[in-house]
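Some notes on the structure that comes next.
Every heavy atom of this structure was used, including side-chain atoms; hydrogens, water molecules and symmetry mates were not. Chain letters run A, B, ... following the sequence lines, proteins first and then strands; every chain starts at 1. All of these numbers come straight from a predicted model, not from anything done at the bench.
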Amino acid sequence: MGKSVQKISEHVSLIASKNTWIEGLAIQQLIKTSELNGMQRVAGMPDLHPGRGYPIGAAFFTTNKIYPALVGNDIGCGMSLWQTSAKVSKVNLDKLAKKFEHVELPLDDSWLAIIQSRKAAKNITVNGHDRTLGTIGGGNHFAEFQAIDEIYNQAALDELGLNKKHLQLLVHSGSRGLGQSILVDHIAKYNHDGLCESDLGFNDYMNKHDEAVRFAELNRELIAMRFLEAIRANGECSLDINHNLVSPKNIDGCDGWLHRKGATPSDKGYVVIPGSRGDYSYLVKPILAELNDDNSAMLENINTSLFSLAHGAGRKWQRGECHGRLGHKYKREDLYRTALGSRVVCGNKELLYDEAPQAYKKCETVISDMVDAGLIEVVAKLSPILTFKTNGDCSS
DNA sequence: ATGTCC
């Protein structure tokens with residue numbers, strides 16, 4: 001179990017076995033970030049990869065101050081899983097792939113009432129970004145129909161109300177332009193110095209941050225609703241977990257702030273760790289310290305992992321270099337089907353290559369690292385059926 | 001990541 005937790009320094013750990021490939025630059029960024037003022041502990045997840053200055057796939061625990069730049073621009077980004085009323089056995093891939101022509105446009109006026117009531121219910125008062133509600137965005141964001149492929153813990157699946165016969169819908173998106181504007185405003189005022197709890201801007205950022213988290217949750221809800229509408233099905237949300245956020249947390253008896261950047265919380269119940277569009281995703285049950293207080297080694301792992309897990313398989317290749325690496329071998333048409341037989345809807349050429357399965361690690365290695373570290377139990381394996389990225393501009 | 005950078 002200890003083999004998949006690497007101690008990089010006194011307060012920097014990496015949840016990954018020696019065999020799991022992690023880019024050197026990402027480790028450098030992890031160490032650099034650990035040297036920030038007030039930083040108590042840093043934990044890299046097995047999907048750690050380089051970001052813009054700060055790594056992605058990591059959790060950062062500070063006391064007395066927060067670093068909004070560590071959360072990044074996509075405040076509240078996360079994953080939600082919906083069970084649809086549609087049956088897997090009735091899926092016709094050709095027909096299914098054609099049902100999403102309008103899903104990336106702003107929601108039309110027929111959604112106005114539901115948007116207003118859901119905003120009010122979630123205490124979202126910010127205006128000016130409503131046009132992005134219900135839209136997926138770019139990068140690694142997606143909406144993916146999946147089937148439960150293999151079950152390892154039927155009781156857990158029952159607890160979640162999940163049925164193998166039903167088509168599942170996994171949504172990965174965030175707060176779109178809202179989170180971006182909050183970070184840009186913050187950096188313009190405070191640079192990368194972070195904010196002490198006593199600073200005037202602290203509560204202002206945290207209030208805006210918390211609202212952006214709720215906005216991102218609502219965005220995923222509306223994306224799910226419009227995809228369900230597109231296939232004329234009903235659905236129920238099984239889980240919704242944010243992986244980009246900062247929240248108060250007591251760790252090892254110490255009150256502080258836990259920043260998660262591409263790090264899935266392990267203290268919020270069941271989570272889905274998605275593979276690339278050509279790989280399986282895993283529904284997992286985080287193992288809580290309380291359940292293992294008879295096992296000090298496991299407890300220590302849960303603490304050193306900062307109550308966090310990987311948020312995906314992790315990039316192997318940088319964005320932007322994928323077209324060059326794959327272009328000579330794969331034509332554009334080759335990328336609309338995956339090795340698992342699933343389909344891809346993506347109208348943007350660069351995105352099609354950037355998010356190719358080859359650009360990501362095998363999700364199984366990331367999962368087994370966390371199993372070996374005693375952090376999770378795998379509940380079920382989900383296979384992709386149709387991944388929607390964007391209808392996009394087909395000329396690009 | 002971004003009503004995206006040229």
By the 4.0 Å heavy-atom rule, please label A/G138 as base, sugar-phosphate, or nothing.
sugar-phosphate

Please work out which of the three classes, parallel, tilted or perpendicular, describes the rings of A/H49 and A/H311, given edges at 30° and 60°.
parallel

What is the distance, to the nearest angstrom, from the NE2 atom on A/H141 to the P atom on B/dG3?
11 Å

Base, sugar-phosphate, or nothing for A/G174, non-hydrogen atoms under 4.0 angstrom?
nothing

Indicate, with a heavy-atom threshold strictly under 4.0 Å, whether A/R176 touches base, sugar-phosphate, or nothing.
sugar-phosphate

Atom-to-atom span, CG of A/D130 to P of B/dG3 - whole angstrom:
14 Å

Using the test ring pair (Phe, Tyr, Trp, His ring centres under 6.0 Å), find all partners of A/Y270 that sit at least two apart in sequence or belong to another chain.
none

Whether A/R131 contacts B/dG3 is assessed here as follows: a side-chain N or O lying under 4.0 Å from the phosphate OP1 or OP2. Is that the case?
no

Check whether NZ of the Lys or CZ of the Arg A/R41 lies under 6.0 Å from the centre of the six-membered ring of A/F60 and within 45 degrees of that ring's axis.
no

Is the phosphate of B/dG3, meaning OP1 or OP2, less than 4.0 Å from a side-chain N or O of A/H129?
no

Determine the contact category for A/G139: base if any of its heavy atoms lies under 4.0 Å from a base atom, sugar-phosphate if only primed atoms, P, OP1 or OP2 are that close, otherwise nothing.
sugar-phosphate

Using atom CD of A/E350 as one end and atom P of B/dC6 as the other, report the distance to the nearest whole Å.
17 Å

Can you tell me the distance, in whole Å, between the CD1 atom of A/I187 and the C1' atom of B/dT2?
15 Å

If I take atom CD in residue A/E104 and atom C1' in nucleotide B/dT2, what distance separates them, rounded to the nearest angstrom?
15 Å

Between B/dT4 (P) and A/L351 (CG): distance, integer Å
15 Å

In whole Å, what is the span from the CG atom of A/N348 to the C1' atom of B/dG3?
14 Å

How close or far is atom C1' of B/dG3 from atom CG of A/N219, stated in whole angstroms?
14 Å

Gap between atom CZ of A/F202 and atom CD of A/E197 - 0.5 Å precision:
5.0 Å

For residues A/S238 and A/Q83, is any side-chain donor paired with an opposing acceptor at under 3.5 Å?
no

